[in-house]
*Asks:* 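Sharing a structure with you now.
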Amino acid sequence: MENPLHRRHAVTVGPARIGIFDSGVGGLTVLREIYRQLPNESVLYFGDTARLPYGARSPEEILYFVRQILTWMASQNVKMVMMACNTSSALALDAVQPEFPFPVLGLIRPGAQAAARLSQRIGVIATQATVDSGAYPDAIYELAPGSQVWQVSCPKFVPLVESNQIQQPQARQIAETYLQPLMAARIDTLIYGCTHYPHLAPVLKTILPASTRYIDPAVSMVAAAAQELDALGLRSTSPAWSTEFCVSGPAPGFKRLAVQWLGHQPQVSQIRLPELTVKPVS
Ligand code: DGL
């Protein structure tokens, strides 16, 4: 029998969309920014929930996952892809940008630029893979050689967000431990170097001094995307279609979790990404 999911994905319907992807619900913080800055754009959202967290993956695995996602998105009528995932941006952006026929944008440079404009004492909280890549310090030192950057990896944050435990007391204890070295370094600006972390802003803001400035790289990435869409004559002028949500893991879990940030129950489909012939080295 024909699978209705396949049919829906095989037929090109509606306007060309912007594809965004993350390992899970972190990308919703980027989606929120797209709704704010690009309200006429239709969006295809993919969450690789079967394989999260990306932060504990090897660079080879992350590159393979990103290639799979972009290959699938290429078959879904996308005109641009924004990586709604810092880990993918840090590890895979440069490799995949020339491989696909649409613009692919990442979060690192826009985030580094926004921070370097504001401060010389910058803290970065990110996944282990992003911290290990050195992508943020490299980008910031290139833009502002006199600045100082301190990074902390926060491997417990993504599981906290994905298991919906950010209101629990242990979330605050974990955050205090992670932020301690940044407070000791007297940072005045903090980059959310993982798209899951703005979901924890209510907790983080009660720990760091009130004068701390927060950089959500999504704000600058989406602004850059708007400019690129204009430059390419690709900006939509008609109202957006509702966002299509696809995940690699079971749909109900994502649906239950996402409702608190979206304000409504999204329609979510589970899809299978294409296997590619080049496998990651593990
Ligand atoms: N939200 C993603 C990021 O910005 C991935 C987090 C993870 O899966 O570890 O890095």
Side-chain angles (χ1 to χ4, degrees), residues 19-34 45-66 68-70 81-94 96 104-112 114-115 123-139 151-166 171 174-175 178 190-201 204 214-222 225 245-249 253-254 257-258 261-262 273 280:
I20 73 171
F21 71 88
D22 177 46
S23 59
V25 291
L28 297 179
T29 62
V30 177
L31 185 61
R32 176 174 69 191
E33 214 31 56
I34 296 177
Y45 186 107
F46 176 70
D48 200 357
T49 51
R51 302 190 291 198
L52 70 81
Y54 274 16
R57 299 282 187 170
S58 70
E60 293 79 13
E61 283 177 306
I62 292 161
L63 181 57
Y64 179 76
F65 297 164
V66 171
Q68 276 188 303
I69 295 165
L70 293 181
V81 170
M82 282 187 240
M83 294 187 173
C85 171
N86 288 267
T87 311
S88 304
S89 307
L91 276 307
L93 181 68
D94 293 344
V96 297
V104 183
L105 279 69
L107 288 156
I108 307 294
R109 210 172 163 80
V124 181
I125 49 174
T127 66
Q128 190 64 53
T130 300
V131 166
D132 290 347
S133 76
Y136 270 113
D138 288 353
Q151 304 192 88
V152 176
S153 63
C154 309
K156 292 183 182 161
F157 276 172
V158 168
L160 272 180
V161 172
E162 291 286 340
S163 61
N164 207 5
Q165 292 190 65
I166 52 182
I174 291 168
Y178 286 147
L190 180 76
I191 299 181
Y192 293 117
C194 169
T195 52
H196 281 76
Y197 299 175
H199 290 316
L200 286 154
L204 305 183
Y214 295 85
I215 303 291
D216 181 351
V219 176
S220 312
M221 178 179 69
V222 174
F245 292 91
C246 297
V247 289
S248 54
F254 185 89
L257 193 58
W261 295 296
L262 290 169
L273 292 172

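Both counts, for ligands and for their atoms, begin at 1 and track the order of listing. Scope of the values below: all heavy atoms of this structure, side chains included, with no hydrogens, waters or symmetry mates.
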*Asks:* Quick one: does Pro53's side chain get under 4.5 Å of Glu162's, heavy atoms only?
*Replies:* no

*Asks:* Show which atoms of ligand 1 fall inside a sub-4.0 Å distance from at least one heavy-atom site of Ser23.
*Replies:*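 Near Ser23, meaning under 4.0 Å from one of its heavy atoms, ligand 1 has 5 (C), 6 (C), 7 (C), 8 (O).
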
*Asks:* When you measure from atom 7 (C) of ligand 1 to every protein heavy atom, which one gives the shortest distance, and what is it?
*Replies:*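 Looking at atom 7 (C) of ligand 1, the protein heavy atom closest to it is Tyr54 N, 3.2 Å.
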
*Asks:* Could you tell me whether Thr87 approaches ligand 1 through its side chain, its backbone, both or neither, with non-hydrogen atoms closer than 4.0 Å?
*Replies:* both

*Asks:* Shortest non-hydrogen contact from Met83 to Met221?
*Replies:* O-CE, 3.5 Å

*Asks:* Given that the side chain starts at C-beta and the backbone is N, CA, C, O, which of these parts of Cys85 lies under 4.0 Å from ligand 1, counting heavy atoms, or is it both or neither?
*Replies:* both

*Asks:* Fit a plane to each ring of Phe65 and Tyr54, take the angle between them on a 0 to 90° scale, and name the class: parallel (under 30°), tilted (30 to 60°) or perpendicular (over 60°).
*Replies:* tilted

*Asks:* Do Ile125 and Tyr178 touch side chain to side chain, with heavy atoms closer than 4.5 Å?
*Replies:*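 Ile125 does not reach Tyr178 side chain to side chain.
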
*Asks:* Using distance alone, decide if ligand 1 has a nitrogen or oxygen within less than 3.5 Å of any nitrogen or oxygen in Thr130.
*Replies:* no

*Asks:* Starting from atom 9 (O) of ligand 1, find the nearest protein heavy-atom neighbour and note its residue, name and distance.
*Replies:* Gly55 N, 2.8 Å

*Asks:* Can you report which non-hydrogen protein atom sits closest to atom 3 (C) of ligand 1, along with the distance?
*Replies:*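 I find the closest protein heavy atom is Asn86 N, 3.3 Å.
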
*Asks:* Mind checking the CG-CG spacing from Leu63 to Leu91? Nearest 0.5 Å is all I need.
*Replies:* 8.5 Å

*Asks:* Can you measure from OG (Ser133) to CD1 (Ile62) and round to the nearest 0.5 angstrom?
*Replies:*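 So the OG of Ser133 and the CD1 of Ile62 are separated by 9.0 Å.
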
*Asks:* Who's the nearest protein heavy-atom neighbour of atom 2 (C) of ligand 1, and how far?
*Replies:*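 The answer is Asp22 OD1, 3.0 Å.
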
*Asks:* Please state which part of Thr127 comes within less than 4.0 Å of ligand 1, counting heavy atoms only: side chain, backbone, both or neither.
*Replies:*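 It is the side chain that gets close, since no backbone atom is under 4.0 Å.
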
*Asks:* Check each heavy atom of Val158 against ligand 1 and say whether those closer than 4.0 Å belong to the side chain, the backbone, both or neither.
*Replies:*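 Contact part for Val158 vs ligand 1: side chain (C-beta onward).
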
*Asks:* Measure the spacing between CG of Leu160 and OH of Tyr197 and express it to the nearest 0.5 Å.
*Replies:*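 Interatomic distance, Leu160 CG to Tyr197 OH, rounded to 0.5 Å: 10.0 Å.
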
